[in-house]
Protein chains: 2
Amino acid sequence: MVRNRIRLSEVARAAGVSPATVSRAISQPDLLSPETLARVRRAADHLGYRPDAAARALASGRSMTIGAVMPTLDNAIFSKALQAMQAQLAGDGYQLLVASHDYSKAAEAECIRTLLARGVDGLILVGAERIAEAAQLLSQSGLPVVMTWCAPDGAPSVLVDNEHAGLLATRHLLGLGHRRIGVITGATRFNDRQRGRYRGVRRALEEAGLTLPPALACEQATTLAGGRMGCAQLLDLAEPPTAIVGGIDLIAIGCMVEAQARGLAIPADLSVAGIDDLDMSAHVSPSLTTVHVPTARIGTEAARMMVAILRDEPGPTTLTLPVDLIVRRSTGPAPARG
Amino acid sequence: MVRNRIRLSEVARAAGVSPATVSRAISQPDLLSPETLARVRRAADHLGYRPDAAARALASGRSMTIGAVMPTLDNAIFSKALQAMQAQLAGDGYQLLVASHDYSKAAEAECIRTLLARGVDGLILVGAERIAEAAQLLSQSGLPVVMTWCAPDGAPSVLVDNEHAGLLATRHLLGLGHRRIGVITGATRFNDRQRGRYRGVRRALEEAGLTLPPALACEQATTLAGGRMGCAQLLDLAEPPTAIVGGIDLIAIGCMVEAQARGLAIPADLSVAGIDDLDMSAHVSPSLTTVHVPTARIGTEAARMMVAILRDEPGPTTLTLPVDLIVRRSTGPAPARG
DNA sequence: AGTCTGGATGAAAGCGCTTTCACCAGAAGG
DNA sequence: CCTTCTGGTGAAAGCGCTTTCATCCAGACT
């Protein structure tokens with residue numbers, strides 16, 4: 001408890017004005033005459049005044065805090081989006097309160113509950129799916145919500161066309177002559193982003209008149225280790241794939257590691273493509289062909305949209321960011337049929 | 001502004017008690033008789049009461065919020081520590097408010113200022129070094145601070161013996177017969193963790209009667225790309241090293257990628273050791289010899305220590321966590337002198 | 001001159017909670 | 001039987017700020 005802080009009333013006294021005027025100097029400076037404003041500012045600076053956020057929140061009903069609920073921070077795509085969100089929000093005077101739930105829908109609901117209790121002014125979420133309890137909390141709070149990566153129709157959201165991403169990666173492999181294409185995704189049951197990508201892969205195959213044999217699709221943890229395991233599983237098949245699509249780059253990189261550890265050459269023996277375009281994907285060896293997802297921009301745009309909504313500014317409330325294929329060295333022509 | 005929320009006074013009315021009693025039911029339940037407590041709880045549950053955090057903070061002077069200032073979230077070691085911190089704090093009813101500054105000391109001070117204004121009850125910081133302004137903010141706030149990774153003597157802290165980590169990695173390479181050992185660290189100027197590790201490397205070399213030629217030490221970004229560039233630089237020397245220590249695993253992995261891209265075999269042609277022990281380090285190929293740093297535990301312990309301090313519980317206020325060498329396949333005997 | 005506007009400021013009532021202090025049994029002690 | 005506790009509860013005063021409403025004073029307009 002720091003009760004030795006300068007209070008607004010002390011600034012008022014020092015500046016010879018009422019507390020109301022000091023308050024206005026902070027939040028609505030254009031209401032004051034330039035001289036008064038300058039006088040108040042001088043007094044505030046001189047005393048080192050810092051408004052108390054809790055008091056402001058209580059009195060105004062706005063906490064100037066936005067909550068973000070992410071699956072995990074332990075993955076560059078989310079931490080990057082978060083970083084961008086924070087930067088954007090900070091510019092508008094908002095603070096970000098972060099919670100993560102490690103891909104558990106129940107924990108996500110709990111995060112939402114906590115953030116609501118904290119009095120956030122809005123919530124930024126990942127994905128569209130949540131348990132009924134969470135949905136109810138959100139709707140009864142009446143707070144603005146911006147969803148990212150995926151969203152139900154009509155809800156304010158910053159999206160990525162996950163299905164298109166899967167489609168692009170797979171079409172690229174098909175174009176190189178691959179016919180036996182494996183896919184390793186994260187758990188699709190709790191992850192609509194991964195599901196969308198998986199759908200894209202299937203669609204590309206269908207376009208080419210192919211179907212995806214169940215054996216060639218597997219789900220793994222969205223980590224490098226998951227990628228290795230998934231790859232091992234696919235390579236151990238009687239008829240292993242000549243190309244693999246990873247649901248995220250981390251999985252794809254894990255694939256490459258596993259394949260290389262088995263003495264396979266990439267892309268000569270196996271082509272690997274990812275989705276995300278992590279920083280590191282350009283630097284692994286061989287560099288990873290992937291579908292670029294503008295992760296940081298998702299964060300920026302979600303933050304921008306949230307602020308616009310809070311300010312009642314008109315504008316589109318759904319935004320779909322483009323994804324595009326980045327061809328690097330991890331994919332190549334399908335080996336001639338043995 | 002959600003003014004349709006249930007207020008404490010409504011719960012009080014429903015339960016037939018005073019607001020004070022409801023307040024006590026929430027924060028000091030043992031003061032109430034079991035019957036009253038049960039009655040209040042029932043009323044609160046029934047109405048779906050959620051206390052308003054801002055009002056609690058204002059009235060009590062405690063926000064139940066801890067601020068964490070990290071260099072970046074975009075690095076597994078920090079996001080992991082953060083995740084652990086959050087989990088630990090949540091268990092004690094605290095919330096984590098995160099800020100990151102991207103390795104800028106000025107931005108760090110700004111983060112601290114913002115968090116203080118938000119009324120955090122304590123701060124968890126990384127490293128011991130900050131600009132005077134930040135130090136002043138901290139001391140004049142009078143809030144408890146826990147430092148992590150590095151700290152000046154006496155300050156509450158959860159430490160890692162960075163120098164020892166550098167020492168262990170280097171001794172291991174010396175033990176394998178390497179005499180020409182390169183080191184790639186992050187920028188040591190603004191990063192006392194990296195500086196400690198670097199010191200450890202030098203000390204190990206001195207123990208062995210060797211000195212580190214300036215050409216064999218370089219600083220790079222703490223990323224995979226930085227590792228590649230540093231490695232390229234060292235390998236391009238007239239007399240390249242036979243082994244390289246990376247200041248963090250990401251750099252070490254970048255080294256391996258670069259070396260392999262140049263057709264070198266690891267560890268036959270070049271040994272590489274890192275420090276951190278990222279999850280992925282066990283899964284790259286070859287698996288990385290590294291010094292394990294208990295990253296998640298740093299977060300847990302820092303959180304635990306913070307809560308203990310806030311509760312005035314006695315106990316040690318500095319804790320040094322052990323680091324230990326993990327030998328994997330990226331290091332091997334020095335090649336015979338050519 | 002007299003009225004009207006509107007810009008600049010102040011007074012004061014909260015925001016929803018915590019916490020001190022007072023109070024009131026009834027138990028314990030003299 | 002009266003005092004002294006003590007555990008349980010309530011009354012009420014804030015916590016530091018925002019915001020409505022009222023006030024005041026120029027200047028603009030009739």
Side-chain angles (χ1 to χ4, degrees), chain A residues 1-41 43-44 47-65 93 116-121 141, chain B residues 1-41 43-44 47-65 93 116-121 141:
Chain A
M1 175 131 68
V2 194
R3 285 283 177 258
N4 51 356
R5 252 165 80 158
I6 309 295
R7 284 189 299 289
L8 181 139
S9 60
E10 307 178 36
V11 177
R13 198 172 331 126
V17 298
S18 73
T21 301
V22 179
S23 173
R24 285 191 272 255
I26 297 165
S27 31
Q28 311 171 67
D30 27 324
L31 289 185
L32 300 186
S33 72
E35 307 85 61
T36 315
L37 182 56
R39 197 144 39 94
V40 172
R41 290 219 167 124
L47 295 173
Y49 171 66
R50 299 276 144 208
D52 178 301
R56 297 189 75 175
L58 178 58
S60 69
R62 280 170 275 111
S63 65
M64 300 304 281
T65 300
L116 289 177
R118 288 281 154 185
V120 296
D121 292 340
S141 77
Chain B
M1 177 135 67
V2 193
R3 285 282 176 258
N4 50 357
R5 251 166 80 158
I6 307 296
R7 284 190 298 290
L8 180 139
S9 60
E10 307 179 35
V11 177
R13 197 169 335 123
V17 298
S18 74
T21 301
V22 179
S23 173
R24 284 191 271 256
I26 297 165
S27 30
Q28 313 170 66
D30 26 324
L31 289 186
L32 299 186
S33 72
E35 306 85 61
T36 316
L37 182 57
R39 196 143 40 93
V40 172
R41 290 221 166 123
L47 294 173
Y49 171 65
R50 297 276 144 209
D52 179 301
R56 297 188 76 177
L58 179 57
S60 68
R62 278 170 276 109
S63 64
M64 300 305 280
T65 299
L116 289 177
R118 287 281 154 186
V120 296
D121 292 340
S141 77

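Order of the sequence lines fixes the chain letters, A, B, ..., with proteins taken first and strands second; residue numbering starts at 1 for each chain.
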(message) Would A:Glu10 and A:Arg7 count as a salt bridge (charged side-chain N to carboxylate O under 4.0 Å, His left out) here? Give the steps.
(response) CA-CA 5 Å; A:Glu10 307 178 36; A:Arg7 284 189 299 289; 3.5 Å; yes
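- Applying the side-chain contact (heavy atoms from CB on, under 4.5 Å) criterion to B:Ala20, with sequence neighbours excluded, gives B:Ser18, B:Arg24.
- Under the 4.5 Å side-chain criterion, counting only non-hydrogen atoms from C-beta, A:Leu116 is not in contact with B:Arg50.
- In this structure, the CG atom of A:Asp30 is 13 Å from the P atom of C:dT9, given to the nearest Å.
- Contacts between residues 15-23 of chain B and DNA chain C, defined by a heavy-atom separation below 4.0 Å, involve B:Ala20, B:Ser23, listed by number.
- The distance between atom CZ of B:Arg5 and atom P of C:dG16, rounded to the nearest whole Å, is 9 Å.
- Contact record, A:Gly93 with A:Met64: O-CE, 3.7 Å, taken as the closest heavy-atom pair.
- Of all nucleotides listed (D:dT20, C:dC15, C:dC17), D:dT20 comes nearest to the side chain of A:Arg24.
- For the pair A:Arg62 and D:dC17, the criterion of a side-chain N or O lying under 4.0 Å from OP1 or OP2 is not met.
- Across every non-hydrogen atom of A:Arg41 and A:Ala25, the tightest pair is NH2-O, 4.1 Å.
- Of all the heavy atoms in A:Arg5 and B:Ala117, the pair that sits closest is NH2-O, 4.1 Å.
- For A:Asp52, the listed nucleotide lying nearest its side chain is D:dG16; candidates were D:dC15, D:dG16, D:dT19.
- In this structure, A:Arg13 places its CZ atom 13 Å from P of D:dG16, rounding to the nearest Å.
- In this structure, the side chain of B:Ser23 does not engage the main chain of B:Pro19 through any donor-acceptor pair within 3.5 Å.
- Remark: C1' of C:dC17 and CZ of B:Arg56 are 8 Å apart, rounded to the nearest angstrom.
- Rounded to whole Å, the distance from CD1 on B:Ile26 to P on C:dT19 is 12 Å.
- Annotation: side chain to side chain donor-acceptor pair (under 3.5 Å) contacts of B:Ser33 (sequence neighbours excluded): B:Thr36.
- The minimum heavy-atom distance between B:Ser63 and B:Ala57, with the atom names listed, is CA-CB, 3.9 Å.
- Rounded to an integer number of Å, the gap from A:Arg50 CZ to D:dC17 C1' is 16 Å.
- Taking all atoms of both residues into account, the shortest heavy-atom contact from B:Val17 to B:Val22 is CG2-CG2, 3.8 Å.
- Under the side chain to side chain donor-acceptor pair (under 3.5 Å) criterion, A:Arg118 pairs with B:Thr65, not counting sequence neighbours.
- If you measure from atom CD1 of A:Ile6 to atom P of D:dG16, you get 12 Å, rounded to the nearest angstrom.
- Rounded to 10°, the helix from C:dA1-D:dT30 to C:dG30-D:dC1 has 40° between the axis fitted to its first five pairs and the one fitted to its last five.
- Between the CG atom of B:Leu8 and the P atom of D:dC15 there is a distance of 19 Å, given to the nearest Å.
- Within residues 31-40 of chain B, the residues that place at least one heavy atom under 4.0 Å from DNA chain D are, in residue-number order, B:Leu31, B:Leu32, B:Ser33, B:Thr36.
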